[in-house]
Amino acid sequence: MVTIDPRTAGRSRPQGSGFELFVWYLMRITGVLLFVLALAHFSIMHFVFDPSQENASWIAARWGSLAWRVFDWTLLMMVLFHSFMGVRTVIGDYVRGARARLLTMSTLYVVAVVLFVAGTAVVLTLPVVA
Amino acid sequence: MLLRYRAREGMLAWAFHRISGVAIWLFVVIHVVDIYLVGGDPKAYNTLLQVYSSTPGRIVEVLLGAALLYHALNGLRILIIDLWPVMTVYHRALWYASWVIFVVVGIPGAVIILRPVIGPALGIGA
Ligand code: HEM
Ligand code: HEM
């Protein structure tokens, strides 16, 4: 069970200088970046454009710009790290027993790797269209 | 103790943050797969996209947007206090401010997303 800081109602800063402290800081750094990237992405997809027009050729045209590929890949990296490390904390809080924990954590990391590979592959390799 | 901590607000903030975080995570797992299909099977992606622009799809997107906005604002509040401890003095103001922003940004956002659904009824077009 992680301890909760009563001032923030968030996880309190872990003691020492180990892996947990590293995760705690990275949750915060990826959090600030996601504040900009994820909210911008959601706004672009719903307020600037509309899901009804966002078909495969629309995406291919958007990805004609390297900047949007870089933006999307950065968003992908930030959100995968942040959300999988976040869910790791949640599993740590609720899943009891060494075997159950090994199983859920391993599944979690396998899914993370699959999404990392699939997400990176498509943003790197989708052919450029005019 | 530095401050008068209201357990009720704190517990709600924590529970909402956790629930919204896990909900957005579930969406992202699906979403990376659907964007993968843009390269792997564009026809299947285009079919799936119709779910996003359907009425139930739009309602889910409003809920997703609300979860994202709450989580983002509350996350920022946590960050501010963690990295800048003097802000603890204003912790309650930060909590209420995040709800004001949530409503002020969230309501127009929901209206825009739902415009094709509710627009005709409100006379503001699709
Ligand atoms: C938009 C900007 C975001 C900010 C500012 C933010 C901030 C934070 C912070 C500071 C934490 C740590 C809380 C703690 O240590 O108690 C956290 C936890 C978490 N975040 Fe985010 N986050 C953002 C976006 C996201 C997104 C897009 C997802 C999912 C895809 C997500 C999923 C999670 C999860 C699952 C947790 C763990 C919750 C828990 O332990 O109770 N976050 N977030
Ligand atoms: C229902 C709301 C959303 C819609 C309609 C949507 C739509 C799209 C579209 C059309 C793309 C293709 C790339 C592009 O055109 O830039 C994309 C990519 C992406 N979206 Fe979303 N998005 C939504 C919500 C989100 C959220 C909440 C997140 C996470 C915080 C997210 C994360 C991503 C990522 C990481 C990519 C890049 C995937 C890759 O490179 O493999 N999206 N999204």
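Protein chains get the first letters and strands the later ones, always in sequence-line order, with residue 1 at the start of each.
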Interface moiety of R13(A) toward chain B, non-hydrogen atoms closer than 4.5 Å: neither
Largest heavy-atom contact set with chain B, pairs under 4.5 Å, which of V87(A), T89(A), L76(A): V87(A)
R7(A) side-chain N/O to H91(B) backbone N/O, donor-acceptor pair under 3.5 Å: no
Part of V90(A) lying under 4.5 Å from any heavy atom of chain B: both
Close side-chain approach of T8(A) to W14(B), heavy-atom, < 4.5 Å: no
D72(A) portion near chain B, given a 4.5 angstrom heavy-atom threshold: neither
CA sep, side-chain torsions, deciding dist, call: L79(B), F35(A), side-chain contact (heavy atoms from CB on, under 4.5 Å): CA-CA 11 Å; L79(B) 280 161; F35(A) 192 90; over 6 Å; no
Interatomic distance, W25(B) atom CH2 to L108(A) atom CG [nearest 0.5 angstrom]: 6.0 Å
Straight-line distance of H71(B) NE2 to S83(A) OG, nearest 0.5 Å: 9.0 Å
Contact winner vs chain A - H31(B), R58(B), Q50(B), K43(B), heavy-atom pairs under 4.5 Å: R58(B)
Beyond-backbone contact of T120(A) with Y36(B), side-chain heavy atoms, under 4.5 angstrom: no
Q53(A) atom CD, neighbour heavy-atom count above 12 within 6.0 Å: yes
Any side-chain heavy-atom pair of V79(A) and I24(B) under 4.5 Å: no
Nearest-0.5 Å distance that lies between atom CD1 in I4(A) and atom CE in M11(B): 12.0 Å
Separation of R18(B) CZ from D93(A) CG (nearest 0.5 Å): 4.5 Å
Over all atoms of both residues, closest heavy-atom pair of P51(A) and S53(B): C-CB, 4.2 Å
Distance, nearest 0.5 Å, that separates CD1 of I29(A) from CG of L83(B): 8.5 Å
Option in L94(B), L73(B), V33(B), V32(B) with maximal non-hydrogen atom pairs under 4.5 Å from chain A: V32(B)
Heavy-atom contact with chain B under 4.5 Å, split by part of L115(A): both
Residue pair R11(A), D82(B): steps toward the salt bridge (Lys or Arg N to Asp or Glu O under 4.0 Å) verdict: CA-CA 10 Å; R11(A) 184 178 177 184; D82(B) 275 338; over 6 Å; no
Partner chain B: residue of S12(A), S52(A), G10(A) with the largest heavy-atom pair count (under 4.5 Å): S52(A)
From R28(A) atom CZ to I80(B) atom CD1, the distance as rounded to the nearest 0.5 Å: 12.5 Å
V105(B) with V36(A), same ILVMFWY side-chain cluster at under 4.5 Å: no
V123(A), part contacting chain B, at a heavy-atom distance under 4.5 Å: neither
